[in-house]
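Some notes on the structure that comes next.
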Amino acid sequence: MRWSVRTAGAVASRGPRGARRPYHRLVGVDAARGLALIGLMSVHILPSYDHETLEPTWSHILFSGDSAALFALLAGVGLALASGGTRPHGDRELAADRVALVVRAVLIAVLGLGIGSLMSDDLPADNILIYYGVFFLLAAPFLRSGPRTLFGSAAVFLVTAPVLMQVLRDNLPGFVSGNPTFGDLLTQPVATTTQLLLTGTYPALAYLTYLLAGMGLGRLDLGSRAIQLRLMVVGVGLSACAQVVSYVLIHGAGGYERLLAASSGDEEELADVLVWGSDWLPTETWWSLAVATPHTNAPLAIAASLGTGMAVLGLFLLISRVVGSWLLPLSAMGSMTLSLYTAHLVALSFEVHYDRPYLWFTIQLVAAVLFAVAWRRALGQGPLERMVGAVAKGARRRSLAASAGAGPG
């Protein structure tokens, strides 16, 4: 199945014997993914606050938390498109899709664990790749689902995952590492698993909200202008409502005082948490679930980031209808985020970005754009995407062949 990089509309090309086949991808989806990559790079490299005013920087305000959420949302869109789009695969194709997804998940997790061994714990970047492997494994049972089931399941995880984190966090093993390695997985398997599912920076059970919502969106006709407009309007509304409700609960309904009374910190520490986000929020009070700050993974925080991601996706899909070719730098980056994100983490491991963060951010960004555009025009799929895809597609073909051989006759 191929979706076009030339248009975000529902355009099809002629295949063999005049049959119509969809293009490989939607340029708006790739462009949004490229923006998410830039956001993660900026959060990892650029300062989060102004050293003179102590106020949050523009990169923190724009990208902290929301970039990772957008990544997960778009990963869900990609899974839906790869498994049939508006017409989900069934029977043998569905089984083969699941085999390919599991293989892809394992390869990405292994890559993430390997990169973790290069990175020190004090790096301002938590490797999301190993979490992605878990995301994909947990998504496999949902590959056959339609949009209603997917949106409903996303809503269930939006509520239940934060509650589980709130109830269980004090009884779970401590944080292993911001960048888990093979050694961590072998020596502390339970702690590493609980971190990946519930206590880490990108807890898989909470992030399933974004992934399943993205899969639901991928089951819709994303080439429809009406769907694109609805995405943007609903996304803006959801994000705004979540933040307004949080503000009212915290500052108007007594939540701030309840949080302060239940916490071990002082008022200044709580104020910082409500700006910067943290896992410091007290588990002794349910008012923690009213916070909408990035990386707190409370229901309103997830809803706010989900709405922002939907709005960004809808906006890029709409823009790409008119100026799709101008989005090439972003869409080229977005088509090979695994390769570029891996290179970004490896570059961070040398720890040369601290003294001149804006210079190193600019160098990495320019290098990523130039490489992505040149590689895409010359060779198409990114290098790591090509390798992982080849193994996953090979597993899919073998699954289809095995099921065909086991069939009747």
Side-chain angles (χ1 to χ4, degrees), residues 28-30 32-37 39-40 43 63-83 101 105 108 126 128-143 145 147-165 196-198 200-220 222 231-232 234-239 241-243 277 292-317 334 337-338 341:
V29 174
D30 279 345
R33 193 180 290 112
L35 179 65
L37 175 63
L40 282 182
V43 170
F63 296 122
S64 181
D66 290 339
S67 294
L70 179 58
F71 249 135
L73 180 75
L74 296 173
V77 173
L79 289 182
L81 295 179
S83 57
L101 180 58
I108 291 174
D126 291 338
I128 199 174
L129 291 179
I130 184 173
Y131 292 91
Y132 253 70
V134 181
F135 297 169
F136 286 166
L137 287 175
L138 295 178
F142 296 92
L143 282 185
S145 302
R148 289 186 180 181
T149 300
L150 290 165
F151 290 139
S153 300
V156 169
F157 278 100
L158 182 146
V159 175
T160 58
V163 170
L164 281 174
M165 294 163 67
L196 295 174
L197 291 173
L198 285 168
T201 307
Y202 313 105
L205 293 183
Y207 270 68
L208 268 182
T209 302
Y210 306 119
L211 197 77
L212 295 177
M215 290 176 67
L217 296 178
R219 296 286 181 229
L220 305 177
L222 291 179
L231 254 178
M232 194 166 62
V234 172
V236 170
L238 176 60
S239 182
C241 285
Q243 294 182 60
T293 315
H295 291 302
T296 54
N297 294 309
L300 292 174
I302 296 173
S305 291
L306 175 60
T308 299
M310 291 170 60
V312 169
L313 175 58
L315 176 62
F316 273 107
L317 288 172
T337 49
L338 179 60
Y341 182 74

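Every heavy atom of this structure was used, including side-chain atoms; hydrogens, water molecules and symmetry mates were not. These numbers come from a predicted model, not from an experiment.
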Could you pull out the closest heavy-atom pair between [X] and [Y], with the gap in Å?
{"X": "Leu164", "Y": "Leu198", "value": "CB-CD2, 4.2 Å"}
{"X": "Ala204", "Y": "Val134", "value": "CB-CG1, 3.6 Å"}
{"X": "Ala105", "Y": "Gly133", "value": "CB-O, 3.3 Å"}
{"X": "Ala32", "Y": "Leu70", "value": "O-CD2, 3.5 Å"}
{"X": "Phe142", "Y": "Ser153", "value": "CE2-OG, 3.6 Å"}
{"X": "Pro294", "Y": "Gly65", "value": "CB-CA, 3.9 Å"}

Can you check whether [X] reaches [Y] side chain to side chain, under 4.5 Å on heavy atoms?
{"X": "Arg219", "Y": "Ser83", "answer": "yes"}
{"X": "Leu129", "Y": "Leu338", "answer": "yes"}
{"X": "Ser67", "Y": "Leu40", "answer": "yes"}

Rounded to the nearest 0.5 Å, how far apart are [atom1] of [X] and [atom2] of [Y]?
{"X": "Leu138", "Y": "Leu205", "atom1": "CG", "atom2": "CG", "answer": "6.5 Å"}
{"X": "Leu196", "Y": "Ile130", "atom1": "CG", "atom2": "CD1", "answer": "4.5 Å"}
{"X": "Leu35", "Y": "Asp30", "atom1": "CG", "atom2": "CG", "answer": "12.5 Å"}
{"X": "Met165", "Y": "Thr296", "atom1": "CE", "atom2": "OG1", "answer": "8.5 Å"}
{"X": "Leu306", "Y": "Asp66", "atom1": "CG", "atom2": "CG", "answer": "10.5 Å"}
{"X": "Leu208", "Y": "Ile302", "atom1": "CG", "atom2": "CD1", "answer": "10.0 Å"}

Output all residues satisfying side chain to side chain donor-acceptor pair (under 3.5 Å) with [X], sequence neighbours left out; order by chain, then residue number.
{"X": "Thr337", "answer": "none"}
{"X": "Ser239", "answer": "Gln243, Thr308"}
{"X": "Thr209", "answer": "none"}
{"X": "Tyr131", "answer": "Gln195"}

Fill in: Sequence-distant partners of Tyr132, ring pair (Phe, Tyr, Trp, His ring centres under 6.0 Å), two or more places apart
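Once residues adjacent in sequence are excluded, the partners of Tyr132 under the ring pair (Phe, Tyr, Trp, His ring centres under 6.0 Å) criterion are Phe135, Phe136.
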Discussion item. Applying side-chain contact (heavy atoms from CB on, under 4.5 Å) to Tyr202 and Asn297, what does each step give before you reach the verdict?
Written reply: CA-CA 9 Å; Tyr202 313 105; Asn297 294 309; over 6 Å; no
Practice prompt. Kindly determine whether Ile128 and Tyr341 satisfy side-chain contact (heavy atoms from CB on, under 4.5 Å), including the steps that lead there.
Written response: CA-CA 9 Å; Ile128 199 174; Tyr341 182 74; 3.6 Å; yes
Side chains of residues 210-217: which donor-acceptor pairs under 3.5 Å do they make with residues two or more places apart or in other chains?
none

